[in-house]
Amino acid sequence: MIAQVVLNGLITGMIIALPAVALTLIYGILKFPNFAIGAMLTVGAYLAFVGNSILKLPMYVSAVFAAAGLALVLVIVNRFVFQPLRDRAAVNLLVASMGVSFVLENIVRFIFGNSALSFDLPIVRAQQFLGLRINFEQIVTAATAISGMIAVYVILRHTPLGRAMRAVSDNPALAAVRGIDRNKIVRWMWVIAGVLTAMAGVLAGLDRAIDPLLGWNYVVTIFAAAILGGLGNPIGAVVGALTLGVVEETSTLVIPPNYRQVVSFCAIAILLLIRPQGLLGTSRVKK
Amino acid sequence: MTAYLVTILILVCIAIILGLALNLQWGLCGMVNFGLAGFFALGAYSAAIVALSGAGTFAGIVAAAVIVAAACGLTALISLRLSDEYLAILTLGFGEVIRLVTLSETWLTGGSLGLPGIPRPFWGWVSEQNYEVLFLALLIGVVFVLFVVLEILIRSPFGRAVRAVREDDTVASTLGKNVTMLRVKAFAAGGAIIGIAGAFHAYYLTYIDPSQFSAIITAYAFMAVIAGGRGSNKGLLLGAATIMFLIEGSRFLKDVVGVLDATQLASIRLILIGLGLILFLIYRPQGFMPEYKLRVSSLIPKNPQSDSPRASELKKEAA
């Protein structure tokens with residue numbers, strides 16, 4: 001019983017880990033918390049829905065379509081919203097990101113309405129494995145999320161682009177002196193964030209119904225995961241997401257399941273009181 | 001028609017009270033409150049529950065103000081050691097918690113069915129047809145008092161200190177200001193005003209349910225503050241009134257534009273609010289009306305020799 005709950009929690013955590021890594025990357029490079037992350041996830045899910053149910057593409061092609069589409073949307077949003085505001089105080093960017101969130105979510109609502117949709121997929125029987133029940137969707141989720149996170153790790157650690165991104169994140173002025181084109185790095189960062197978030201949107205759409213508030217339901221947990229790991233720290237975000245996934249899932253054994261986000265909220269509130277830099281983060285405390 | 005106008009004006013007044021609160025928290029202190037809708041709901045439910053228990057509508061308003069002020073103060077206190085982004089995240093989370101509690105704790109809040117039959121202040125003093133006018137008069141009185149109090153607050157030493165904290169908290173603390181207490185106090189004061197707005201919302205509708213307190217409320221308030229000019233209460237009156245009139249007025253569009261359904265019109269409104277927020281932030285961050293500033297030139301007495309080198313230098317600095 002407990003093992004089953006932990007397994008389900010880990011799978012939920014993997015869905016959260018993807019946007020949490022995206023959030024933390026954006027924070028690392030642009031230094032603002034992107035409140036549009038939920039709406040981005042929703043847009044990803046709907047793009048995949050368009051591919052899967054309207055264009056009748058196979059599911060994995062739809063996922064690629066969603067990833068490319070969301071990456072494009074974010075590069076455009078960056079050009080017209082975040083780039084003009086980049087040299088102002090972070091509070092402008094974070095309020096603007098809330099504006100972006102309203103716009104994206106309501107474009108989706110305008111086109112598709114409020115009704116719940118789902119992917120056009122055959123239902124596959126759950127597998128029994130060592131006494132645990134594992135859905136086909138869960139296996140797909142785990143495989144996608146793990147390969148996504150490995151890809152991000154490889155990009156950040158072992159490619160020139162990743163080095164440049166870490167350099168900009170550490171010290172933008174110094175990176176500029178060394179000839180790193182900040183605009184290019186920021187664009188690539190949005191592409192990576194778009195791909196990760198769209199993946200999470202597709203996986204969330206496999207897990208539950210697709211409606212315009214799909215992403216919004218994850219927002220508190222995504223932020224909690226990123227804060228738990230220390231904002232700006234991708235590995236921390238993954239650890240934070242998996243922890244919260246398991247904690248939220250286990251908490252449903254004792255408290256009503258609709259209070260799952262409350263568990264995440266309490267986790268950040270307590271953590272910020274006792275260890276403001278996050279579990280794995282370096283100090284970001286105000287002087 | 002008059003009845004419709006009175007209804008709109010009541011909604012405008014509630015939006016103004018909410019906007020004044022956000023202008024205090026965000027405009028004056030630079031503390032972003034993304035949980036505005038949640039705190040507003042907390043105020044409405046507190047007032048409704050107290051008033052329904054028979055303690056009276058005035059007690060309901062006081063309870064709403066105190067409870068929301070405490071909640072806001074606590075949120076500010078948790079994030080006090082951290083940069084501003086964390087406060088935004090915590091308020092967002094707090095708002096979600098309130099929403100989930102109002103949906104789930106049916107014994108207290110009626111769940112998604114809501115709380116009906118909330119008593120109204122001064123009910124029975126005038127005939128039922130004229131009651132809304134009385135309610136509007138009461139609200140205008142509240143708006144006036146809050147406006148005057150906030151204008152005094154902005155010009156008080158407290159207001160100046162809070163703005164100093166917003167601009168640069170390190171400098172403010174070097175000058176001996178207690179940054180933590182200033183932020184917590186200012187955020188809690190904003191919370192008290194949100195609570196009052198919530199109480200009047202509950203009394204006006206006499207029926208509240210969780211669907212009334214969606215993120216749309218937060219969006220409108222932010223739009224009102226930024227359009228009016230952050231930190232300017234006069235600008236806020238203008239901003240909030242314009243936005244509420246546009247929103248309420250655009251309900252007529254449904255009859256004119258037959259092709260769009262209600263959901264689509266609602267989503268267009270929010271798209272426009274979102275775009276408006278972004279465009280104002282990029283192109284007119286100071287809004288329509290500039291913030292009140294104490295200028296050096298206003299302190300220098302005007303005399304014939306006002307063109308002395310020192311005075312003109314001071315003026316240049318002030319400008």
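Chain letters run A, B, ... following the sequence lines, proteins first and then strands; every chain starts at 1.
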Rounding to 0.5 Å, atoms CD1 (Ile216(B)) and CG (Asn106(A)) come to a distance of 7.5 Å
Region of Val220(A) that comes under 4.5 Å of a non-hydrogen atom in chain B: side chain
Which atoms of Leu277(B) come close to chain A, meaning under 4.5 Å heavy atom to heavy atom: side chain ones, backbone ones, both, or neither? side chain
Before you tell me yes or no, could you show the steps for Phe34(B) and Met98(A) under side chain to side chain contact (heavy atoms under 4.5 Å, CB included), namely the whole-Å CA-CA distance, both residues' side-chain angles and the distance that decides it to 0.1 Å? CA-CA 9 Å; Phe34(B) 280 152; Met98(A) 197 48 122; 3.7 Å; yes
Chain B heavy atoms under 4.5 Å from Val108(A): which part of the residue, side chain, backbone, both or neither? neither
Per-residue contact mode, Val262(A) against chain B (heavy atom under 4.5 angstrom): both
Atom group of Phe94(B) that falls short of 4.5 Å from chain A, counting heavy atoms: both
Supply the atom-to-atom distance Asn92(A) CG to Ile226(B) CD1, rounded to the nearest 0.5 angstrom. 7.0 Å
Would you compute the distance between atom OG1 of Thr263(B) and atom CZ of Phe112(A) and round it to the nearest 0.5 angstrom? 14.5 Å
Between Leu275(B) and Val103(A), what is the shortest heavy-atom contact and its length? N-CG2, 3.6 Å
When you look at Tyr86(B) and Leu231(A), which way does the side chain to side chain contact (heavy atoms under 4.5 Å, CB included) test go after all the steps? CA-CA 10 Å; Tyr86(B) 288 88; Leu231(A) 270 177; 3.8 Å; yes
Test Asn258(A) against Leu103(B) for side chain to side chain contact (heavy atoms under 4.5 Å, CB included), laying out the working first. CA-CA 9 Å; Asn258(A) 37 359; Leu103(B) 270 173; 5.9 Å; no
Which heavy-atom pair separates Ala88(B) from Phe35(A) by the least distance, and what is that distance? CB-CZ, 3.8 Å
Measure distances from Gln264(B) to the heavy atoms of chain A and classify the residue's part below 4.5 Å as side chain, backbone, both or neither. both
Considering only heavy atoms, which portion of Ile278(B) lies under 4.5 Å from any heavy atom of chain A: side chain, backbone, both, or neither? side chain
Please classify the contact between Phe80(A) and chain B as side chain, backbone, both or neither, with a heavy-atom cut-off of under 4.5 Å. backbone
Determine the option with the most heavy-atom pairs under 4.5 angstrom with chain A, choosing from Val32(B), Val101(B), Ile268(B), Thr218(B). Val101(B)
Are the side chain of Arg88(A) and the backbone N or O of Pro285(B) linked by a donor-acceptor pair below 3.5 Å? no
Interface moiety of Pro84(A) toward chain B, non-hydrogen atoms closer than 4.5 Å: side chain
State, yes or no, whether a side-chain contact exists between Tyr259(A) and Val97(B) at a heavy-atom distance under 4.5 Å. no
Is there a side-chain contact between Val91(A) and Arg166(B) (heavy atoms, below 4.5 Å)? no
Min side-chain heavy-atom separation Phe265(A)-Leu90(B) under 4.5 Å: yes
Most contacts with chain B, counted as non-hydrogen pairs under 4.5 angstrom, among Phe110(A), Trp216(A), Phe102(A): Phe110(A)
For the CD1 atom of Ile89(B) and the CG atom of Leu23(A), what is their distance to the nearest 0.5 Å? 7.5 Å
Part of Leu85(A) lying under 4.5 Å from any heavy atom of chain B: side chain
Just so I understand: if I count every heavy-atom pair under 4.5 Å between each of Leu93(A), Ile268(A), Val95(A) and chain B, which residue has the most? Val95(A)
